[in-house]
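Excluded from the calculations below are hydrogen atoms, water molecules and symmetry mates; all remaining heavy atoms, backbone and side chain alike, are included. Counting begins at 1 with the first residue of the sequence. As the structure is a prediction and not an experimental result, all values here were calculated from the model.
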Amino acid sequence: MKKVLSISAAFAITSILAGTAVTNGESSKVKLTDIDAHWGKAAIENAVTKGYVDGFEDKSFRPDNQVTKAEFIKMISVAIGVKNGDAGSGSWYAPYVQSMKDAGILWGTFSTSDMNEPIKRSEMAAVSVHAVDINSKATMLEATSMGLIQGKSNGDLDEEGVTTRAESVTIVERVLSKRKGEVLPVDQSAVAAAEIASTGTNMKSMVGMEPTDALGKWFPIAQGVKVKFEKVIIIDPMKPDPNFNLIDLALKPPFVKLEDTYVIATQIRVLVDSTADTSGNFYTMQTIGLLGSKGTVRAVNKFPGLVKYDKPAEYIGWISDYYLRAHMDGKISYSIYEQQIDLGIHK
């Protein structure tokens with residue numbers, strides 16, 4: 001692949017060894033031939049003009065080509081002005097990696113053993129967040145909340161997915177804007193998805209509730225039997241949402257007006273061990289306090305209606321109900337027998 005890697009004379013030598021390439025100075029003056037109809041045209045032109053990425057000798061940019069870890073690290077490093085040392089006899093990207101480590105932007109858990117492999121969106125997000133705020137935790141939740149990362153479709157984060165050249169320069173441009181203190185557009189669906197992955201719920205971004213310590217905690221309900229509320233997902237039925245795969249709105253009662261309600265889907269896990277009374281059982285709707293439930297969980301995702309204690313087993317599934325939007329200033333709670341479990345509250 002004939003790509004420019006040169007920022008200085010030292011790196012120009014590396015580029016020549018890899019193949020003839022357009023230099024930064026030349027690239028900024030060349031009209032790229034394959035980006036006119038591409039969604040990333042503006043970001044690509046800005047990036048090439050600024051000199052942290054280049055076109056190819058045939059005047060193409062190849063915006064949909066994948067980007068490796070090394071290439072993305074180089075883009076970020078040059079774009080934010082991290083000073084790099086001499087390439088020496090090592091790989092062309094070694095100075096960029098080392099200088100980014102020295103600057104604290106690359107950290108110990110970032111693997112540098114496979115720098116020629118495509119960079120994952122989760123890795124790109126972490127590096128980008130650290131390039132904006134060195135004191136951050138470099139999480140996907142921070143990346144989406146800052147506006148650095150947006151969802152692929154309906155908020156889908158595709159954390160294991162790879163990144164294209166066009167997507168990479170778009171992210172770098174956002175990093176540069178954020179470092180200047182600009183406020184970026186935020187994909188709220190992506191924030192909600194990242195919030196669920198991080199905390200088990202999207203209640204904070206959706207309705208301003210704080211999850212309690214009860215979420216993800218085991219509660220004993222009988223000898224040898226315990227229950228855990230693993231996730232609470234609030235779904236707005238009036239907007240596209242990647243969590244629609246959990247529910248089927250065709251099952252809703254006719255009196256429910258979607259514009260007035262949220263669907264709250266809760267994932268439950270029940271563990272029955274060998275010490276349980278084998279003659280015991282519980283009916284989910286009664287034990288979990290759902291006698292008035294009007295859920296719409298798809299059958300494939302639904303928690304069993306009856307849990308038997310006749311053998312050690314683990315049960316997992318979803319329950320759901322409708323909540324009026326006007327009443328979302330209270331709590332999200334369930335009761336197990338006479339014990340009330342608050343999963344989300346307004347502080």
Min side-chain heavy-atom separation [X]-[Y] under 4.5 Å:
X: Thr144; Y: Leu157; value: yes
X: Thr296; Y: Tyr322; value: yes
X: Leu141; Y: Val191; value: yes
X: Ile316; Y: Glu230; value: yes
X: Glu167; Y: Met124; value: no
X: Leu246; Y: Val263; value: no
X: Gln150; Y: Leu184; value: no
X: Phe72; Y: Ile171; value: yes

**Asked** After noting the C-alpha distance and the side-chain angles of Val169 and Met75, does the key distance pass the side-chain contact (heavy atoms from CB on, under 4.5 Å) rule?
**Response** CA-CA 8 Å; Val169 298; Met75 288 184 197; 4.3 Å; yes
At what distance, to the nearest 0.5 angstrom, does [atom1] of [X] lie from [atom2] of [Y]?
X: Ser320; Y: Ile234; atom1: OG; atom2: CD1; result: 13.0 Å
X: Gln188; Y: Met206; atom1: CD; atom2: CE; result: 9.5 Å
X: Arg62; Y: Ile35; atom1: CZ; atom2: CD1; result: 14.0 Å
X: Leu32; Y: Ser60; atom1: CG; atom2: OG; result: 8.0 Å

**Item:** side-chain contact (heavy atoms from CB on, under 4.5 Å) evaluation trace for Tyr96 with Ile76
**Value:** CA-CA 9 Å; Tyr96 299 108; Ile76 286 279; over 6 Å; no
**Prompt:** Listed by chain and number, what are the side-chain hydrogen bond (donor to acceptor under 3.5 Å, both in side chains) partners of Ser145, not counting sequence neighbours?
**Reply:**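 Listed in chain order: nothing, the list is empty.
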**Message:** So, using side-chain hydrogen bond (donor to acceptor under 3.5 Å, both in side chains) as the criterion, who are the partners of Gln267 when residues are at least two apart?
**Reply:**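 Per chain and number, Gln267 pairs via side-chain hydrogen bond (donor to acceptor under 3.5 Å, both in side chains) with no residue.
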**Request:** Walk me through it: do Lys69 and Val97 pass the test side-chain contact (heavy atoms from CB on, under 4.5 Å)?
**Result:** CA-CA 10 Å; Lys69 284 186 179 182; Val97 172; over 6 Å; no
Salt bridge [X]-[Y], side-chain N to carboxylate O under 4.0 Å:
X: Asp36; Y: Lys31; value: yes
X: Arg325; Y: Asp236; value: yes
X: Glu173; Y: Lys50; value: yes

Might you point out which heavy atoms bring [X] and [Y] nearest each other, and give the distance in Å?
X: Arg179; Y: Ala131; result: NH1-O, 2.6 Å
X: Asn116; Y: Thr68; result: O-CG2, 3.3 Å
X: Trp107; Y: Ala126; result: CH2-CB, 3.2 Å
X: Val227; Y: Val270; result: CG2-CG2, 3.8 Å
X: Gly344; Y: Met203; result: CA-SD, 3.4 Å
X: Lys226; Y: Trp218; result: CG-CE3, 3.4 Å

So if you build clusters from Ile, Leu, Val, Met, Phe, Trp, Tyr with side-chain heavy-atom gaps below 4.5 Å, do [X] and [Y] land together?
X: Ile336; Y: Val272; answer: yes
X: Ile196; Y: Val186; answer: no
X: Tyr309; Y: Leu271; answer: no
X: Tyr262; Y: Ile345; answer: no
X: Val162; Y: Ile73; answer: no

**Message:** Going by salt bridge (charged side-chain N to carboxylate O under 4.0 Å, His left out), name the pairs with one or both residues in residues 301-320, residues two or more places apart or in two chains.
**Reply:**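 Qualifying pairs, neighbours excluded: Arg269-Glu314.
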**Request:** Identify the residue among Asp273, Thr275, Asp277 that makes a side chain to side chain donor-acceptor pair (under 3.5 Å) with Gln223.
**Result:**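 In the set Asp273, Thr275, Asp277, the residue that makes a side chain to side chain donor-acceptor pair (under 3.5 Å) with Gln223 is Thr275.
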**Asked** With sequence neighbours left out, what residues match Phe61 under ring pair (Phe, Tyr, Trp, His ring centres under 6.0 Å)?
**Response**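 Expected list: none.
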**Request:** List for me each residue that meets salt bridge (charged side-chain N to carboxylate O under 4.0 Å, His left out) alongside Lys101, sequence neighbours excluded, and say none if there are none.
**Result:**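 So Lys101 forms no salt bridge (charged side-chain N to carboxylate O under 4.0 Å, His left out) with any residue.
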**Asked** Got a sec: does the NZ of Lys231 have more than 12 other heavy atoms crowding it under 6.0 Å?
**Response**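 Result for NZ/Lys231: open.
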**Item:** Within 6.0 Å of OH in Tyr283, more than 12 heavy atoms from elsewhere
**Value:**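 Result for OH/Tyr283: open.
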**Asked** With distance as the sole test, does Glu195 use its side chain to make a donor-acceptor pair with the main-chain N or O of Ser205 at under 3.5 Å?
**Response**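 Yes, because the side chain of Glu195 sits within donor-acceptor range (under 3.5 Å) of the backbone of Ser205.
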**Request:** Taking Asp114 for its side chain and Glu117 for its backbone only, find out whether a donor-acceptor pair lies under 3.5 Å.
**Result:**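 Flag not set: sc Asp114 to bb Glu117 has no pair under 3.5 Å.
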**Asked** In terms of ring plane angle, is the pair Phe303 and Phe282 parallel, tilted or perpendicular, where the classes change at 30° and 60°?
**Response**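 Parallel: the ring planes of Phe303 and Phe282 meet at under 30°.
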**Request:** List the steps and the verdict of side-chain contact (heavy atoms from CB on, under 4.5 Å) for His38 and Asp64.
**Result:** CA-CA 9 Å; His38 198 276; Asp64 297 320; 3.0 Å; yes
Check residues 208-217 and write down every donor-acceptor pair under 3.5 Å in which the side-chain atom is one partner and the other belongs to a residue at least two apart or another chain.
from	atom 1	to	atom 2	distance (Å)
Glu210	OE2	Lys204	NZ	3.4
Thr212	OG1	Ala214	N	3.2
Thr212	OG1	Asp342	O	2.5

